[in-house]
Asks: 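Can you read through this structure? Questions will come right after.
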Amino acid sequence: MVEKLCNLGVFASGTGTNFRAIAEACRRDDFPARVACLITDNPEAPALEIAKSLEIPAYVVPVTAKKGRLPAEAEEEMADICVGHNVDLIVLAGFMRILKTALLDIFENRIMNIHPSLLPSFKGLHAARQALEYGVKITGCTVHFVDRSIDGGAIILQTPVPIEDDDTEDSLLERIHPEEHRTYIRAVRLFAEGRLHPEGRRVKINEHGSKTT
Ligand code: GAR
């Protein structure tokens with residue numbers, strides 16, 4: 001058993017496979033984190049069903065603003081929920097809106113995102129499609145800290161995925177997804193064990209050290 005668990009606030013707009021993978025990892029005795037709450041902007045998100053089945057408190061903060069935008073009031077409401085649950089780390093898991101205000105101020109260097117490409121290549125939407133269209137031979141996934149840029153925060157972990165000649169967007173995503181799950185779980189563990197040390201754009205990883213933060 002781990003003494004003090006890191007409280008996660010997971011944000012998901014859609015299917016929630018990353019959310020499920022992290023929530024399941026959290027159920028293991030040796031995992032140093034727990035999911036304190038799920039927050040979604042989408043009342044129809046399948047992630048809500050996952051939260052229900054795992055008995056994780058879930059909150060819908062419906063957002064009618066244009067795709068990608070998150071109005072300041074909604075962001076404040078989400079921040080209040082996280083503070084109320086003593087969240088230590090916010091985990092964006094397919095959350096398709098851009099944070100700008102309250103959350104970034106309160107949770108500086110405590111918000112992570114997963115993106116389905118090797119950043120800084122193929123930022124934004126449809127990253128796997130962009131990689132195929134560009135013709136790269138290797139893509140992958142990136143976990144990074146979230147800052148005021150879009151998909152531009154300091155990189156924590158990356159995992160490569162080779163592109164095959166006959167790949168479609170779906171077949172490629174099918175291979176990226178399991179790598180995302182593994183990479184995200186590892187990044188959350190490293191954070192929870194105090195092993196991530198952001199220094200400007202570089203995040204140093206103390207792979208074997210004891211908890212220092
Ligand atoms: C994941 O592939 C994640 O990398 C992507 O959304 C998917 C969510 O899947 N996020 C982005 O593209 C963010 N720019 P999931 O709902 O099954 O976890």
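For reference, positions follow the sequence shown, starting with 1. Counting convention: from 1, in listed order, for ligands and their atoms alike.
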Asks: Quick one: does any side-chain atom of S117 pair with a main-chain N or O of A127 as donor and acceptor, under 3.5 Å?
Replies: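 No, the answer is negative, given that no donor and acceptor are paired below the 3.5 Å cut-off.
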Asks: Do H115 and ligand 1 have an N or O pair less than 3.5 Å apart?
Replies: yes
Asks: Would you mind checking which non-hydrogen protein atom is closest to atom 8 (C) of ligand 1, with the distance to 0.1 Å?
Replies: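 Its nearest protein heavy-atom neighbour is G94 CA, 3.6 Å.
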Asks: Does ligand 1 come near enough to G16 that some N or O of the ligand is less than 3.5 Å from an N or O of the residue?
Replies: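 Yes, at least one N or O pair falls under 3.5 Å.
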Asks: For atom 15 (P) of ligand 1, grab the closest protein heavy atom and report residue, atom and distance to one decimal in Å.
Replies: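 Closest protein heavy atom to atom 15 (P) of ligand 1: T17 N, 3.4 Å.
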Asks: Looking only at protein heavy atoms, which one is nearest to atom 3 (C) of ligand 1, and how far off is it?
Replies: E180 OE2, 3.5 Å
Asks: Determine whether any heavy atom of H177 lies closer than 4.0 Å to an atom of ligand 1.
Replies: yes
Asks: Whether the side chain of N7 engages the backbone of N86 through a donor-acceptor N/O pair (distance < 3.5 Å, no angle test) should be reported.
Replies: yes
Asks: Go through R27 and L54 one step at a time and tell me if the side-chain contact (heavy atoms from CB on, under 4.5 Å) criterion holds.
Replies: CA-CA 10 Å; R27 289 154 81 98; L54 297 174; 3.2 Å; yes
Asks: What atoms of ligand 1 come within less than 4.0 Å of a heavy atom belonging to T15?
Replies: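 Reading through ligand 1 atom by atom, the close ones are 16 (O), 17 (O).
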Asks: Same cluster or not: L104 versus I150, using hydrophobic residues (I, L, V, M, F, W, Y) connected whenever any side-chain heavy atoms lie under 4.5 Å apart?
Replies: no
Asks: Give a yes or no on whether the backbone of E179 and the side-chain of T183 come within a donor-acceptor separation of less than 3.5 Å.
Replies: yes
Asks: Salt-bridged, E75 to K100, with N to O below 4.0 Å?
Replies: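 Salt bridge absent between E75 and K100.
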Asks: Just jot down the side chain to side chain contact (heavy atoms under 4.5 Å, CB included) partners of A12, sequence neighbours excluded, or say none.
Replies: L38, A47
Asks: Is P116 near ligand 1, meaning one of its heavy atoms is under 4.0 Å from it?
Replies: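 Yes; P116 lies near enough to ligand 1 that a heavy-atom distance drops under 4.0 Å.
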Asks: Which residue supplies the protein heavy atom nearest to atom 10 (N) of ligand 1, what is that atom called, and how far is it?
Replies: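 Looking at atom 10 (N) of ligand 1, the protein heavy atom closest to it is I114 O, 3.6 Å.
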